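In what follows, chains are A, B, ... by sequence order, proteins preceding strands, each numbered from 1. Remember, it's a predicted structure, so these values are computed and weren't measured experimentally.
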Number of protein chains: 2
Amino acid sequence: MANRPVTIKDIAEKLSISVSTVSRALKNNPEISLTTREAVQKLAKELKYQPNPLAVALKTQKSNTIGVVVPQIVSSFFATVVKGIEQVADEHNYQVFVSSSNEKIEKEEKNVNGFLNMRMDGIILSLTRATTTFDHILKIQDRGVPMVLFDRTSKEIEVSKVVADDAAAAHTAVTHLINGGAKRVAFMTGPEFMLFGTNRLRGYKKALKDNNIPLDETLISRCDFTYEDAKNLALDLLGRSNRPDAIFAINDDMAIGAIAAAKELGLNVPNDLAVVGFSNSRRSRYMEPSVSTMDQNPIAVGREAATLLFEQMEKTPEAKDIKEVVVHADLIVRTSSDK
Amino acid sequence: MANRPVTIKDIAEKLSISVSTVSRALKNNPEISLTTREAVQKLAKELKYQPNPLAVALKTQKSNTIGVVVPQIVSSFFATVVKGIEQVADEHNYQVFVSSSNEKIEKEEKNVNGFLNMRMDGIILSLTRATTTFDHILKIQDRGVPMVLFDRTSKEIEVSKVVADDAAAAHTAVTHLINGGAKRVAFMTGPEFMLFGTNRLRGYKKALKDNNIPLDETLISRCDFTYEDAKNLALDLLGRSNRPDAIFAINDDMAIGAIAAAKELGLNVPNDLAVVGFSNSRRSRYMEPSVSTMDQNPIAVGREAATLLFEQMEKTPEAKDIKEVVVHADLIVRTSSDK
DNA sequence: GTGAAAGCGCTAACAA
DNA sequence: TTGTTAGCGCTTTCAC
């Protein structure tokens, strides 16, 4: 028990050579004779030698790790973004460490500081809703550590970003509904202060305009992001005399609520009511097979963010330029399988 | 740009004292005069000194971190368990690092090795479904690093564990349905090879027996864990002449499917059909307000696992004993709010 | 009460 | 081709 890990020194002693020779041999440095190189590598394998990353990082000032801070990990959107990040980090042979700020700025600061202290080589983060002060972010730049923000970004800091095209996605979704024959498309969304809600609303309005459909403000309705609230809201919408013939819902919870309401009222989806739900992720499986979704494509968000980060890490500190990548959401059309 | 972090040496130089004095002063070592202690601490704060955890860990052979390996992070169950772990780690002033094995044993081994290399002080993990070889687990013990397994464990390794009481939970749920007046309780579950399915089935059977209700094998039905499959299965179940008057569903997807099927058939939930869904988490909000759920209590699982780990870390290597903690699921009864 | 020195495991400039 | 030395930032024994 408590078997000490094998060090470079152990190898050196067994082979009666110096540690520096071992170090070089392990890196396949051609300055070292092939014979010793092979001997070292063979023994290393036998002893299952693994370099101590702490020592390496302390010495080289680089840890081959990147840190990711997300507002919450209990969210398929963020969890999936992380997956995307891990994919490309893997390709670059970097380890990824994730921590969650739980929507609290103090935790966000703590996490960032922790990552900085750990000498991580790059940081990817998505801000808390409450983040209004940016000292900790500036500190990252101050240290010269590459960084990219995604999804929850801020105009107040100059840094590379990966964002969603909320307005364009909403435009696509609503256009799809209109092309399907809808004349009165309702928009179910959340509280006014949510930025992505505002952007999607913009796309909604533009789509109507582009199709010469007059805007009917009564079709824009807001409620909290819960199934129950959405269902009640939809019950109200669909109970009106001039009810909508289509609903664009801002997320899948709302779409599910809308469908439940429609069923309760005896409406057939999608014949009587077409629905497109904006989805964070694969949860669309909860929806009826005939409901189309806008998939926000979180894997792509993650991959783009990581790619941007690695681009920066390769550049010299002065050559770093700021980029902004927009990830497009995919419209996944599902046609009714009713008989 | 590229501002070098402040070190103990910087402080020592500014104060014209030795680094060892600074080191001691920062730890409030009473051997150091109060005057210098205060001077050092003041300057440290001014310069925003933060110890380099790499150097500390390298020197002290302890990193104040624990590692968590989960099969997947895109799962509210595991994500929530991690949250529970973080809570108690926070209380102990430990940092938590999480990595996902994506249900692949190679990745699991890689993660474990990474954590070991990083000299993490403890490891909490939940095995891949495919984990059948345990060399990497034994290596943890071999190194003398405290470890606890949760949820997905194995009888093949002697180690502390935190598990769910699947059988007892199922027993509670089914008893609840019977007490509510159900005579024919159906059990909707997944493929046969899933261990928790087997355990819950055991609880189901025992509950029937304890209530003198004869087992009707036709009420035990299996399908894949998707909404669509569950709905179809329920349509079949509920379409029978002697249909069940209650359904115990093994997870919330299935419960949702069952409810959708009931509605489609014009049955009122819970009057015509009582439903209890076994839930991983808070997703029960998708369910109708009148559906009760067994909450698996993942936060508690996480907290218990971490608590067990810290207990072990405090003990001397030889005094470590193996414990097994069972976390009980909570029955959350929701009564119909129908008017 | 404080400092000098060694060492954690590794890398790299400089010598030989 | 290989070894010696210094040092990354910190802790800790031993001296004074």
Side-chain angles (χ1 to χ4, degrees), chain A residues 2-41 43-44 47-65 113-114 116-121 143, chain B residues 2-41 43-44 47-65 113-114 116-121 143:
Chain A
N3 252 319
R4 195 176 49 78
V6 181
T7 73
I8 224 176
K9 199 175 164 194
D10 297 326
I11 299 182
E13 280 168 1
K14 297 221 185 204
L15 257 35
S16 310
I17 56 179
S18 77
V19 291
S20 46
T21 305
V22 175
S23 174
R24 284 181 274 232
L26 287 171
K27 314 198 126 48
N28 235 325
N29 186 328
E31 291 195 335
I32 304 295
S33 75
L34 196 63
T35 358
T36 41
R37 255 189 287 165
E38 283 173 344
V40 168
Q41 286 168 14
L43 183 58
L47 300 181
K48 295 192 209 301
Y49 165 78
Q50 311 234 202
N52 181 335
L54 270 51
V56 177
L58 182 61
K59 178 69 206 180
T60 64
Q61 305 284 26
K62 115 174 246 337
S63 59
N64 256 264
T65 59
N113 273 321
L116 249 21
N117 287 339
M118 288 290 244
R119 303 300 188 267
M120 301 217 168
D121 302 324
R143 281 266 199 284
Chain B
N3 252 318
R4 196 176 49 77
V6 181
T7 73
I8 224 176
K9 199 176 163 193
D10 297 325
I11 299 181
E13 281 168 3
K14 296 222 186 206
L15 258 35
S16 310
I17 55 179
S18 76
V19 291
S20 42
T21 304
V22 175
S23 174
R24 284 182 273 233
L26 286 171
K27 314 198 125 49
N28 236 325
N29 186 328
E31 290 198 333
I32 304 295
S33 75
L34 196 63
T35 359
T36 43
R37 256 189 286 164
E38 283 173 344
V40 169
Q41 287 169 13
L43 184 58
L47 301 181
K48 295 193 209 302
Y49 165 79
Q50 310 234 203
N52 182 335
L54 269 48
V56 177
L58 182 60
K59 180 68 207 182
T60 63
Q61 306 284 27
K62 121 173 241 334
S63 59
N64 256 263
T65 59
N113 274 319
L116 249 21
N117 287 339
M118 288 292 243
R119 304 299 189 269
M120 302 214 167
D121 301 325
R143 280 266 200 285

Would you say the side chain of [Y] lies within less than 4.5 Å of the side chain of [X], judging by non-hydrogen atoms?
{"X": "A:T65", "Y": "A:M118", "answer": "no"}
{"X": "A:Q41", "Y": "A:N28", "answer": "yes"}
{"X": "A:Y49", "Y": "A:D10", "answer": "no"}
{"X": "B:N52", "Y": "A:L58", "answer": "yes"}
{"X": "A:I17", "Y": "A:V40", "answer": "yes"}
{"X": "B:V6", "Y": "B:Q50", "answer": "no"}

Please check this pair: side chain of [X] against backbone of [Y], looking for a donor-acceptor N/O pair closer than 3.5 Å.
{"X": "A:R37", "Y": "A:A25", "value": "no"}
{"X": "B:N117", "Y": "A:P53", "value": "no"}
{"X": "A:S23", "Y": "A:V19", "value": "no"}

For [X] and [N], give me the distance from atom [atom1] to atom [atom2], rounded to whole Å.
{"X": "A:I17", "N": "D:dT2", "atom1": "CD1", "atom2": "P", "answer": "8 Å"}
{"X": "A:L58", "N": "D:dC8", "atom1": "CG", "atom2": "C1'", "answer": "4 Å"}
{"X": "A:E13", "N": "C:dG9", "atom1": "CD", "atom2": "P", "answer": "11 Å"}
{"X": "B:N28", "N": "C:dT2", "atom1": "CG", "atom2": "P", "answer": "13 Å"}
{"X": "B:I32", "N": "D:dT12", "atom1": "CD1", "atom2": "C1'", "answer": "12 Å"}
{"X": "B:N29", "N": "C:dG1", "atom1": "CG", "atom2": "C1'", "answer": "10 Å"}

Expected string for nucleotides 10-16 of chain C under the B/S/- scheme (protein heavy atoms, under 4.0 Å, primed atoms plus P, OP1, OP2 as sugar-phosphate) is BBBBB--

Please confirm whether the shortest side-chain N or O distance from [X] to OP1 or OP2 of [N] is below 4.0 Å.
{"X": "B:T36", "N": "C:dG1", "answer": "no"}
{"X": "A:S18", "N": "D:dG3", "answer": "yes"}
{"X": "A:T21", "N": "D:dG3", "answer": "yes"}
{"X": "B:Q61", "N": "D:dT11", "answer": "no"}

Please give the angle, rounded to 10 degrees, between the axes at the start and the end of the helix from C:dG1-D:dC16 to C:dA16-D:dT1, where five pairs define each axis.
50°

